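A short write-up of the structure that comes next.
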Amino acid sequence: MIAIACDDVSKEFPSRHGVVHGLDQVRLEIQRGEFVTVKGASGSGKSTLLLTLGGMQRPSQGRVRLDGSDVYALPPAQRAELRARCVGFVFQLFHLLPYLDTLENVLAGLPPASSPTRFRATALDLLQQLGLGDRAHHHPATLSAGERQRVALARALLKKPPVILADEPTGNLDPANAAQVFQHLAAFQREGGTVVVVTHGPDADRFASRQFILERGRLTEAHAHAQAPKPL
Amino acid sequence: MSPLHLILKEIWHHRWNSLWTALVLTAAVALLVAIRLTADAAERETRRVMRDLGFNLRIIPAGTDTAFLWSKGYPDLTMPESHARHLAEQKGVFLTFNHLTATLRQRYPLARGEVILEGVSPSISDEGKKPMGYSIPKGSLFLGHHAAQLLQAQRGQPVQLGGRTFQVERVLAESGTEDDIRVYAHLADAQAILNLPGRINEIQAVDCLCLTSDQDPLAQLRATLTQLLPGTQVLHVRALADARARQRQMAEKYAAFSVPLVLVIAALWVGAMAVLNVRQRRSEIGLWRALGHGGARLTTLFLGKAALLGAFASLLGATLGTVLALAYGPSIFHVTAAAITWNPKLILVALVVTPAFAAFAAFVPAMVALNQDPIETLRAD
């Protein structure tokens, strides 16, 4: 079953030096339960692809389908609702809200209509699983980079979305913390979730069921792997 | 998570930014409340001072001998008392005026000299306004300083005048003017003494056109009054009227200048602080969007914060402004000091308007930020 699909998706950015092709005729189908990595150099269009897949950036042309919905055919409010329901984002810079503590940051990931009180116990449980049980009431400024990324991961996981889109999730982490983040993403995939990670390093390769290369907005598949991630 | 919870958390996190915004709003509210309270006090003071200057509009019988008028101080002719009532009935139709008073004034000989006997009708004033001039009960007299000496009368004593007995209600302090030889009586009493029932020789008023002489108020007054009261003529005491008009225009211009100035400065400051705040929070806007929150919720977060700070500032500012006005107002406005009090209506207006004003000032930067592309802040690429 297809979780995400791109049909000839292009994204162009006007600039002083002419049009920049962020994405160029991208075709992609990602099945549910896949762990996909997209690699490319800086400026190759990785973040643009991820934000376009997540309903955050309208393509100049082409169609994006997420969980069966034509994302950009939806009005903004319904697109936001689809995003809230189906996508968990993990960013390189974590983007935790500095004025909320760890637990509140995790609860902030819930869809707008959800009751944080109902999910409080689940969120604490999740923090426990991610090794942050004793950090629930700490603010982001007092956490290490690895801890912050795990909080961001918990925020993405709490609502149990079908898809997690991670943009260089280990870009600011040391190898040990990076491995920990990928292990959690792999665990999410094993439970049936779909993971798309854009990265420029090889850290995620061993977890990936498929790998893609993005070069100047053009996407090509590197080589196929088995559906299940390799054991650590 | 409720917007209020998020707003309060964010206010605490960016407390310096929030504090500056709240302080500026507080200062603006305090200033406006203090200005308003003291402006009211200034208006009361001005009104009192202007009232003490006297009437500036004299309506006298047509054909009055001008030489007689200026040498004796009153017209040689009389007109019906009903003119005053007729004029009062036309208030707001043909012209505006305050404190309409009909008088009958004549020199009156006494055994030991001469006084000016002045019959004064009850003043016809706007509702809520204190009548101008003397309010003299029937059967009573107010005596000028020298007149009291001529009559050998003191306050509270009976005195004979024109074959009638009157009670001396007041003996006025020496003024150094012809008022010292005046004997003030109720109009009906003066008409009886002078044997001129139903007659007056002057209607005095304060005109409210509040035009200065270069705006030619006399032409407008004459045009309306001669049409309304045929057989009369109008004298405008130009110096008094000009002083009154200038004072009033000055007060209006001052308010027209100072209030918008304070509002513009406060709006610019709040707007600037809002710009800083939304710039600091661009990635947060992107994040909320990524988490599936729509523009309405983000607008609530930003404008709600401004409104909340505005509500806090309105309470503090209205209190501070009132305290300042109560502390310093009486030393500035001696005559009407007692009338400077807190104004619950003004505080209520401040409580309602300030949050709306703060939200309005933050609206443009918030909308600009929300309509920009905050997702740019989310990309790692």
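Only a predicted model underlies this, so the values are computations on that prediction, with no experimental measurement involved. Convention: sequence-line order gives letters A, B, ...; per-chain numbering from 1.
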Less than 4.0 angstrom from a charged side-chain N to a carboxylate O is my criterion; do [X] and [Y] meet it?
| X | Y | value |
| --- | --- | --- |
| A:Asp24 | A:Arg218 | yes |
| A:Asp67 | A:Arg32 | yes |
| A:Asp101 | A:Arg135 | no |

**Prompt:** At a heavy-atom separation under 4.5 Å, does B:Leu6 approach chain A through its side chain, its backbone, both, or neither?
**Reply:**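 When you check distances to chain A, atoms from both the backbone and side chain of B:Leu6 fall under 4.5 Å.
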
**Asked** What part of B:His14 is in contact with chain A, defined as an atom under 4.5 angstrom from a non-hydrogen atom: side chain, backbone, both or neither?
**Response**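 Contact with chain A is absent: no heavy atom of B:His14 under 4.5 Å.
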
**Asked** Which one, B:Ser2, B:Gly295, B:Gly292, leads in non-hydrogen pairs under 4.5 Å with chain A?
**Response**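 When all of B:Ser2, B:Gly295, B:Gly292 are compared, B:Gly292 has the most.
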
**Asked** Among B:Glu284, B:His13, B:His293, which has the most heavy-atom pairs under 4.5 Å with chain A?
**Response**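 Highest number of heavy-atom pairs under 4.5 Å: B:His13.
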
**Request:** Could you check if a side-chain atom of A:Pro161 sits within less than 4.5 angstrom of a side-chain atom of A:Val87, using non-hydrogen atoms only?
**Result:**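 With C-beta onward as the side chain, the pair stays apart.
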
**Message:** Is there a side-chain contact between B:Ile347 and B:Val33 in this structure, where contact means two heavy atoms from C-beta onward sitting under 4.5 Å apart?
**Reply:**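 In short, these two side chains do not touch, never coming nearer than 4.5 Å.
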
**Request:** Look at the aromatic rings of A:His95 and A:Phe91 and report parallel, tilted or perpendicular, splitting at 30° and 60°.
**Result:**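 Geometry flag for A:Phe91 against A:His95: perpendicular rings.
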
Examine whether an atom of [X] lies under 4.5 Å from a heavy atom of chain B, and if so say whether it belongs to the side chain, the backbone or both; otherwise answer neither.
| X | value |
| --- | --- |
| A:Leu110 | backbone |
| A:Arg85 | neither |
| A:Pro112 | both |
| A:Ala108 | both |

**Message:** Would the distance check show the side chain of A:Gln149 and the main-chain N or O of A:Pro169 forming a donor-acceptor pair, the cut-off being under 3.5 Å?
**Reply:**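 Looks like yes, one N/O pair under 3.5 Å.
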
**Prompt:** Do you know which of A:Gly40, A:Gly55, A:Pro98 has the most heavy-atom pairs with chain B at a distance under 4.5 angstrom?
**Reply:**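 Most heavy-atom pairs under 4.5 Å with chain B: A:Pro98.
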
